[in-house]
Each structure stands twice: as C-alpha cells, then as structure tokens.
Amino acid sequence: MFKKINKKFYYHLISISVISIFLRIILLLYVGPRIENDTPLYLAQIYNIYDGKCFSITDYVDNKLKPTAYRMPLFQTISAYSAKILNIKKEKIPLLVAILNILFSTGIALIGVLIALIITKNQEIAILTGYLSSINPNLIYNSVLVLTDTTFSFIIAVFIFVSVISLENNSKRYLCLSGIILGLSVLTRPITKFYFLFHIFLLFFILKDSYKNKIKKIIIFSLSCLIIVSPWIFRNYYRLNFLGLETNQGLNTLWSTARLIKIKAEEDKKDKIIYEMKKIIIETMKTESWPMKAEIEARKKLNLSEVEACKYLQKIGVDTIISSPFDFIKIFLRNIANNITSATAELKIIDFLIGNNYYEKQHKIMTNFENIENRNVEKKIKPEDFIIIAPNLIFRIIHLLIFCVSLIALCFLFKENKNSAIFLFSFISYLILLTSAVASYDRYRLPYEVILNFLFSYMIIKLLKKENAKNG
C-alpha cells in the first residue's frame with residue numbers, strides 16, 4: 001500500500017507536522033505551560049521520582065512521604081526520566097511536559113493520517129484527517145496543559161492504529177502489540193481498564209477464524225495486556241495492601257453524584273465512618289463545586305489512609321447511584337451531551353485572546369443553567385447573558401453536527417470495512433459511556449477526537465466525489 005503513495009502525500013505529512021507544531025508552540029509561548037487543578041499532584045509525584053523517592057506523595061493527613069496509587073504512574077515516570085536524561089532542572093519540568101505533549105499531539109495528527117490510510121486506502125481522506133487534527137482546538141489547547149490527557153490520547157491513537165492493522169490482517173503479532181499498548185494506556189489513565197473485556201468480545205465475534213484460533217488470539221491479546229498492567233497491581237498490593245489500579249476510583253464514583261447523597265439515619269449509624277463521611281460530603285458540597293475537598297476533609301477528620309478513603313467513598317458512591325437511579329440517569333445523560341458538545345478548548349483560547357475573565361463569566365452562567373445536581377439553584381438566565389454564552393452555544397452546535405456526521409460516516413464505512421467500523425463505534429461508545437458516569441467535557445473527548453476527524457474527513461471526501469460524479 002505504501003509503495004503506491006505519491007510524493008505529494010509525504011509533502012502533506014511535512015506540512016501537517018509543521019502546522020501542528022507551529023500552532024501549539026505559538027499557544028505555549030503565549031500562555032506558558034498551563035497549571036490546572038490536577039496538575040500540582042502530578043508535579044509532586046514527578047518531582048519525587050526525579051529525586052529518587054519512587055512513586056510517592058507527602059500525605060496531607062500526617063505530612064509523611066508514602067507510596068501512593070492515587071494516580072497511574074506512566075505519565076509521571078516518562079516526565080521525570082525525560083527530565084533526568086535531558087539534564088533539565090526541576091523547576092523547568094512543567095515546560096518540558098508541555099513540549100512533550102506538543103510532540104505527542106503532533107504525533108496524534110500523523111497517526112490519524114495512517115489510521116485513515118489503512119482503513120480507506122484513500123490518500124485524500126488520510127491527508128484531510130491530518131490537517132483537521134493539526135488545527136483541532138481541543139488537541140491544540142490540551143497540548144499545553146501539564147496533564148496526562150495528551151500523552152494518554154497519543155497512546156490511544158497508537159492503539160487504534162495497531163488494532164486496525166490487526167483486524168485488517170488477522171495478525172497475531174499486531175494483536176499482541178495492541179494488547180501491550182492498551183496496557184500502557186491503562187498505566188497512563190485507568191479509564192481503558194474495562195475496554196480489555198470489550199475488545200475480547202469484539203475479537204470473538206468479528207475474527208474470521210475457527211473457535212480454537214479465536215481463543216488463541218484472545219489469550220495472546222489478554223496476556224499481552226495483563227503482562228504490562230500486572231506489575232503495577234502487584235506493587236499496589238505489596239506496598240499499600242490494595243488490590244487494584246488506583247485509589248482515585250472512590251472519589252470518581254462521587255464526582256457527579258455527591259449532591260445526591262442522603263443520610264439514612266438507622267442504616268448509616270451502624271457504620272460510624274460512612275455516617276461521618278456522608279455528613280462531611282453533604283456539608284462540603286454546600287459551598288464546593290466538586291467533592292475533592294470533601295475527601296481531604298474526611299481523611300483528616302477520620303484519620304483515614306488513602307486506601308481506606310477509597311473503599312468508603314466508593315461504597316457511598318455506588319449506594320448513592322443505586323438509591324437515586326433516576327437522578328443519576330439525568331446526570332449521566334447530561335454528561336453524555338457534554339462529552340459530545342463541550343467547547344472548553346475553544347472558549348479557553350478565546351479567553352486567552354480577549355481576556356476580561358471571559359471563560360469564568362460564561363462558565364458561571366452555563367453551570368447555573370445545566371446544574372441539575374443542585375435543586376436549590378435558581379435557573380434564570382438574563383437576556384444579556386445569552387450574548388456571553390453565545391460562542392459556547394455555537395461551538396456546541398458545531399461539535400454536535402460533527403458527531404452526527406461522524407455517526408453517518410460510520411454507517412457508510414460499515415459497508416466498506418465492517419471490522420474497522422465496528423471497532424471504532426465500540427471504542428467511541430465505550431469512552432463516552434464510561435467517562436459520562438463520572439463527569440464529562442472535551443478533555444474526555446480527546447482520546448477519540450482523532451477518530452471524529454477521520455470520520456468527518458471520510459464523509460466530506462465521499463460527498464465531494466459524489467458531487468463531482470454528478471457534474472462530470
């Protein structure tokens with residue numbers, strides 16, 4: 001296939017790379033490495049690895065350095081050892097992380113080209129996919145954030161590419177490689193930990209093989225993934241007496257449901273810690289937007305370890321979902337809509353350009369409007385507020401249209417390449433449904449943004465060719 005590629009294609013690859021790096025570097029020079037709410041914890045872990053203190057954190061309960069599993073380790077390890085290898089001082093690590101993310105973000109655009117080329121064998125679709133990815137605001141904005149999202153999305157792009165090849169060629173070698181890469185994605189962010197099961201199900205039904213060969217290939221994929229992930233699980237068990245991937249999962253179950261928590265007087269009083277934690281969460285959420293502060297307060301007041309807090313918070317979260325299913329479904333559907341349409345990246349870039357705290361002004365209005373967790377908030381929007389949130393609404397409509405066009409494109413692709421279409425649909429669906437159970441905005445769309453760019457490009461080229469055929 002690559003032998004048939006003309007020279008112009010390679011010139012386009014260079015152009016895509018240059019545009020991608022240029023736009024991201026310009027943003028980095030303008031705003032610097034962006035420190036978000038989650039960044040300090042990541043940086044603290046990176047600094048400890050850099051200083052030879054392994055994967056640890058200073059616990060805010062007793063101010064002692066302890067091993068942690070609150071975040072997955074790969075992003076921090078890559079960042080710390082890159083700094084050591086390049087002999088970069090600790091205070092320059094945020095800049096280094098942003099530069100690495102810019103390279104990864106450009107890599108996503110280039111891998112998007114290869115994904116499109118492998119699936120469609122069409123150079124025009126592949127090139128357009130690359131250009132759309134190079135100028136995609138979500139990919140551009142997240143590249144300067146000192147967070148895991150761009151690194152994770154790059155690994156996901158590689159996983160999609162290798163998985164498509166393995167499905168196209170029914171190759172054991174690429175199937176093994178896809179398992180390894182999926183394992184690496186889990187070590188970066190744990191949201192892909194359940195996709196392991198989805199992919200096994202997918203392989204079983206779409207591989208054209210005997211049952212015996214299907215089982216062999218599923219075992220190869222499974223072992224490849226487990227070999228990568230299992231050392232981290234063993235480490236957590238022996239260092240923290242915790243059999244799992246990360247202790248942040250307790251807080252995640254409460255991220256969208258903390259305001260739904262109710263104290264069941266008789267039942268909760270049987271477990272004093274659950275009872276006290278619920279009181280702390282309810283009180284904290286009167287003034288806070290997110291439940292993270294409640295976890296900190298509960299750990300300090302009740303003297304809980306990281307693992308113990310995770311266990312109790314997870315129990316409270318699951319019980320809350322079970323006891324308030326209809327309220328949770330409303331939040332879940334709201335989060336799905338946010339995942340598909342959120343325009344944080346575009347609005348943040350506008351905020352950088354015009355200033356005046358624009359993002360926070362429109363965010364306050366939108367939060368008030370869409371906040372279905374807090375029934376006490378009066379949902380009134382003044383006529384002048386619509387002017388402020390107009391860009392948000394416009395970008396949301398654009399994202400919704402792109403998503404709908406992408407779904408239509410998947411239907412057409414299914415007729416041409418059934419296996420790849422099923423794989424892409426299942427992967428997008430998995431990411432949307434899983435993340436929407438927690439919280440959702442365009443950072444959670446980032447891992448499948450490259451797929452949307454490909455499907456949108458596929459539809460545009462198909463329509464143009466159809467129009468040319470009519471006129472020709």
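Because only heavy atoms are used, hydrogens play no part in the values below, and waters and symmetry mates are left out as well, while side chains stay in. Heads up: numbering here begins at 1 and tracks the sequence.
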Spatial distance of atom CE (Met366) from atom OG1 (Thr344) [nearest 0.5 Å]: 10.0 Å
Sequence neighbours excluded - ring-ring contact (aromatic ring centres under 6.0 Å, His included) pairs with any residue from residues 88-139: His12-Tyr131, Phe104-Phe154
is_close_aromatic(Trp232, Phe55), centroid dist under 6.0 Å: yes
ring-ring contact (aromatic ring centres under 6.0 Å, His included) contacts touching residues 58-80 (sequence neighbours left out): Tyr42-Phe75
Separation of Thr284 OG1 from Met277 CE (nearest 0.5 Å): 10.5 Å
Flag side-chain contact, heavy atom, 4.5 Å: Val113 against Ile127: no
Ring-ring centroid check Phe427 His199, cutoff 6.0 Å: no
Any side-chain donor near an acceptor of the partner, Ser178 and Ser166, under 3.5 Å: no
For Tyr430 against Tyr195, the heavy-atom pair lying closest together: OH-N, 3.1 Å
Side chain to side chain, Lys193 and Leu245, heavy atoms closer than 4.5 Å: yes
Side-chain donor-acceptor pair present, Thr253, Gln314, cut-off under 3.5 Å: no
Side-chain donor-acceptor contact under 3.5 Å, Asn417 with Glu168: yes
Distance-only polar pair, side chains of Asn453 and Thr129, donor-acceptor under 3.5 Å: no
Cation over ring face, Lys90 and Tyr47, 6.0 Å, 45°: yes
Donor-acceptor pairs under 3.5 angstrom involving side-chain atoms of residues 26-35: please list them, not counting sequence neighbours.
residue : atom : partner : partner atom : Å
Tyr30   : OH   : Phe352  : O            : 3.1

Leu139 backbone acceptor or donor facing Asn136 side chain under 3.5 Å: yes
Asn138 and Arg443 side chains, donor-acceptor separation under 3.5 Å: no
Modelled atom types, side-chain donor and acceptor of Thr151 and Asn101, under 3.5 Å: yes
4.5 Å side-chain heavy-atom contact, Asp38 and Leu147: yes
Gap separating the CG atom of Asn419 from the OG atom of Ser163, nearest 0.5 angstrom: 12.0 Å
Side-chain heavy-atom pair Tyr441, Asn339 within 4.5 angstrom cut-off: no
Beyond-backbone contact of Leu145 with Asn142, side-chain heavy atoms, under 4.5 angstrom: yes
salt_bridge(Asp59, Lys66) N-O dist < 4.0 Å: yes
Qualifying salt bridge (Lys or Arg N to Asp or Glu O under 4.0 Å) pairs with a residue from residues 76-89, counting only residues at least two apart or across chains: none
Thr68 and Glu306: side chain donor to acceptor below 3.5 Å: yes
Residues, nucleotides or ligands: over 12 heavy atoms within 6.0 Å of Asp62 CG: yes
Modelled atom types, side-chain donor and acceptor of Gln45 and Ser56, under 3.5 Å: no
Contact check, side chains of Thr58 and Lys64, non-hydrogen atoms, under 4.5 Å: no
Selection residues 102-119 - residue pairs positive for side-chain hydrogen bond (donor to acceptor under 3.5 Å, both in side chains), sequence neighbours left out: Ser20-Thr106, Arg24-Ser105
From Arg299 atom CZ to Leu313 atom CG, the distance as rounded to the nearest 0.5 Å: 10.0 Å
Atom pair CD/CG of Glu449 and Asp149 - distance to nearest 0.5 Å: 12.0 Å
Residues forming a side chain to side chain contact (heavy atoms under 4.5 Å, CB included) with Pro391, sequence neighbours excluded: Leu347, Ile350, Tyr358, Phe395
Spacing of Leu96 atom CG and Ile46 atom CD1 [to the nearest 0.5 Å]: 9.0 Å
Sidechain-backbone polar pair: Ser256 side chain, Val438 backbone, donor-acceptor under 3.5 Å: yes
Sidechain N-carboxylate O distance under 4.0 Å for Arg396, Glu346: no
